[in-house]
Number of protein chains: 2
Amino acid sequence: MASVEFSRILSFFKALSDESRLKIVGALASNERSVEELATLLDLRAPTVSHHLAKLKEVGLVDMRSEGTTHIYHLVMSEMRLLAKRVLSLDAMETFTEDVVADAWERKILGDFFVGQRLKEIPASRKKREVILRWLVERFSAGKRYTEKEVNAIIGKHHPDFATLRRELICAKLLARESGIYWRT
Amino acid sequence: MASVEFSRILSFFKALSDESRLKIVGALASNERSVEELATLLDLRAPTVSHHLAKLKEVGLVDMRSEGTTHIYHLVMSEMRLLAKRVLSLDAMETFTEDVVADAWERKILGDFFVGQRLKEIPASRKKREVILRWLVERFSAGKRYTEKEVNAIIGKHHPDFATLRRELICAKLLARESGIYWRT
DNA sequence: GCTCTATTTTGATATATATCTAATTAGATG
DNA sequence: CATCTAATTAGATATATATCAAAATAGAGC
């Protein structure tokens, strides 16, 4: 469902959303450091630091080299920059909830307010009303011109209060009118 | 203890380290949206979404305007950019663990291995040995030249195995030697 | 091979928090 | 003013996870 990017970025945020881990990254920003050294700096036990380093390593933000039995960790800046840059890009973010899902809400509204082709009532909330209006304007052909009578007839098939809906369609700039003639915008 | 920046950035990461909240941000990236709308999009109950929006609002990543009883939320991109940019800056990160704290480890090592001026033993780990050596080289005056006998005497005051330590000091390039004469680098 | 030290793994515990339902608040409408 | 709807708050629960102590692992040096 969610894009690959998504879980990648989510892991990135999860990795850095802990006080100790963020401090570790801070400490590694100036210098590579051993587990014990980090433990002293942050006033934590070695196993705790080891646990955090494992998480950071998993998402590729740090890497390690051994020197005897001591493991010396360092930041992987390329990864850091890559991910931070991605956070800045809105295009990437928009894919977090996919477009297919994106009109789930509209479909729900249509389902809620229609019985077949018949509109049960005109939604009070502007956002919901807009969904209905966008559906309604689809009943008109693009380019074709309609008299007010024709417009009323088309809307009237779906709801008795064609006057209100007609006015709303104009107001929402979905229909245009000039000297008694209507057309889709 | 930690800088103002630090808690700010930590909150930022915490805010975005949840799957639902990241999806909300994604959904808001393309459009402002009501609570109900987000709830449908993410398949969550309204209170849950409300809870997440409150958290995002707290760190300033989203803001809200009312339209009747419906609350319409939108991203605050300036905040988003500001914080993401800050993540990229290493200078800021280095302040996460302050410098005062930064030599805590060295002081601990010195405390662990010295009894007064007397070195209990030579640390096996290279990183710890280096701390001792840097302390030791401070016993020599910068610029002054020493015979090997003098060097041995100075080191010998702190540990019997002056030969090993002398060799280590050279090896670590803290002391230099030429034709039997030693000096601080 | 034994010992020492640095790290990691395991297991336990306590805290944080995401989610839900139910109750409450607050606008809007008749 | 009663009612309806959208949102929030309160309360409950279950899951996740940060932390530590103890045990296991793995190099280094004797």
Side-chain angles (χ1 to χ4, degrees), chain A residues 10-11 13-24 32-40 42-59 62 64-73 105 108-109 112-113 120-129 161 164, chain B residues 10-11 13-24 32-40 42-59 62-73 105 108-109 112-113 120-129 131 161 164:
Chain A
L10 181 57
S11 316
F13 281 117
K14 273 195 200 294
L16 295 177
S17 68
D18 172 83
E19 176 165 352
S20 300
R21 280 196 294 273
L22 198 52
K23 279 183 181 167
I24 287 176
E32 55 176 19
R33 302 195 130 100
S34 70
V35 175
E36 191 191 1
E37 194 173 350
L38 287 168
T40 312
L42 306 196
D43 196 27
L44 291 173
R45 303 305 107 207
T48 306
V49 173
S50 190
H51 161 251
H52 287 310
L53 286 169
K55 291 206 155 190
L56 289 171
K57 192 150 175 285
E58 202 174 313
V59 298
V62 308
M64 186 262 285
R65 93 191 138 80
S66 294
E67 189 167 289
T69 70
T70 101
H71 292 185
I72 300 179
Y73 285 83
W105 186 68
K108 177 177 176 293
I109 299 305
D112 285 354
F113 282 88
K120 283 192 279 190
E121 56 178 321
I122 302 175
S125 125
R126 187 186 61 79
K127 279 185 89 70
K128 290 181 183 177
R129 213 161 52 239
D161 188 357
T164 298
Chain B
L10 181 58
S11 316
F13 281 118
K14 274 195 200 294
L16 295 177
S17 68
D18 173 83
E19 176 166 351
S20 299
R21 280 196 295 272
L22 198 52
K23 279 183 180 167
I24 286 176
E32 56 176 19
R33 303 195 130 100
S34 70
V35 175
E36 189 192 2
E37 193 173 353
L38 287 167
T40 312
L42 305 196
D43 197 27
L44 292 172
R45 303 303 107 207
T48 306
V49 172
S50 191
H51 161 252
H52 287 311
L53 286 168
K55 292 206 153 189
L56 290 171
K57 191 149 176 285
E58 201 174 314
V59 298
V62 307
D63 204 355
M64 186 262 283
R65 90 191 140 80
S66 294
E67 189 168 289
T69 71
T70 100
H71 293 184
I72 299 179
Y73 285 83
W105 185 68
K108 176 176 177 294
I109 299 305
D112 284 355
F113 282 89
K120 282 192 281 190
E121 56 178 320
I122 303 175
S125 123
R126 186 185 63 80
K127 278 184 89 72
K128 291 181 182 175
R129 216 162 50 239
V131 174
D161 188 359
T164 297

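Naming convention: chains lettered A, B, ... in sequence-line order (proteins, then strands); numbering from 1 in each chain.
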side-chain N/O B/Tyr73 vs D/dT8 OP1/OP2, d < 4.0 Å: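 Yes, because at least one side-chain N or O of B/Tyr73 sits under 4.0 Å from OP1 or OP2 of D/dT8.
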Phosphate contact (C/dT19 OP1 or OP2) by B/His52 side-chain N/O below 4.0 Å: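 It does, given that an N or O in the side chain of B/His52 lies less than 4.0 Å from OP1 or OP2 of C/dT19.
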Side-chain heavy-atom pair B/Arg126, A/Ile72 within 4.5 angstrom cut-off: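 Touching, per the 4.5 Å side-chain cut-off.
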Under 4.0 Å between any heavy atoms, over every strand shown, what does [X] touch: base, sugar-phosphate, or nothing? Just pick one.
{"X": "B/Ser125", "result": "nothing"}
{"X": "A/Lys128", "result": "sugar-phosphate"}
{"X": "B/Arg126", "result": "nothing"}
{"X": "B/Ser66", "result": "nothing"}
{"X": "A/Lys55", "result": "sugar-phosphate"}

The side chain of [X] lies closest to which of these nucleotides: [options]?
{"X": "A/Thr48", "options": "C/dT8, D/dC20, C/dA18", "value": "D/dC20"}
{"X": "A/Ser50", "options": "D/dA6, C/dT8, D/dT9", "value": "C/dT8"}
{"X": "B/Asp18", "options": "C/dA18, C/dC20, C/dA6", "value": "C/dA18"}
{"X": "B/Thr69", "options": "C/dA18, C/dA26, C/dT19", "value": "C/dA26"}
{"X": "B/His71", "options": "C/dA6, D/dT8, D/dC20", "value": "D/dT8"}
{"X": "B/Val35", "options": "D/dA7, C/dA18, D/dT17", "value": "D/dA7"}
{"X": "B/His51", "options": "C/dT19, D/dA6, D/dA22", "value": "C/dT19"}
{"X": "A/Arg21", "options": "D/dT19, C/dT19, D/dA18", "value": "D/dA18"}

Nearest-Å distance, [atom1] ([X]) to [atom2] ([N])?
{"X": "A/Asp161", "N": "C/dG30", "atom1": "CG", "atom2": "P", "result": "12 Å"}
{"X": "A/Glu58", "N": "C/dT8", "atom1": "CD", "atom2": "P", "result": "14 Å"}
{"X": "B/Arg65", "N": "C/dG27", "atom1": "CZ", "atom2": "P", "result": "17 Å"}
{"X": "B/Ile72", "N": "D/dA6", "atom1": "CD1", "atom2": "P", "result": "12 Å"}
{"X": "B/Arg129", "N": "C/dA6", "atom1": "CZ", "atom2": "P", "result": "12 Å"}
{"X": "B/Lys127", "N": "D/dA28", "atom1": "NZ", "atom2": "P", "result": "16 Å"}
{"X": "A/Lys23", "N": "D/dA18", "atom1": "NZ", "atom2": "P", "result": "14 Å"}
{"X": "B/Leu38", "N": "D/dA6", "atom1": "CG", "atom2": "P", "result": "14 Å"}

Got a second to check how far [X]'s [atom1] is from [Y]'s [atom2], nearest 0.5 Å?
{"X": "B/Lys55", "Y": "B/Leu16", "atom1": "NZ", "atom2": "CG", "result": "12.0 Å"}
{"X": "B/Leu38", "Y": "B/Tyr73", "atom1": "CG", "atom2": "OH", "result": "9.5 Å"}
{"X": "A/Leu42", "Y": "A/Ile24", "atom1": "CG", "atom2": "CD1", "result": "5.5 Å"}

Pairing of A/Lys127 and B/Glu36 as salt bridge, 4.0 angstrom limit: no
Closest-nucleotide ordering on DNA chain D, the 5'-leading residue of B/Leu53 and A/Glu121: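 Nearest-nucleotide comparison on DNA chain D picks A/Glu121.
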Residue whose closest nucleotide on DNA chain D lies nearer the 5' end, A/Leu44 versus B/Thr70: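 Its nearest nucleotide being more 5', the pick is B/Thr70.
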Earlier contact from the 5' end, DNA chain C, for B/Lys14 and A/Glu37: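 Nearest nucleotide further toward 5': that of A/Glu37.
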Neighbour count >12 (heavy atoms, 6.0 Å) for atom CD, A/Glu67: yes
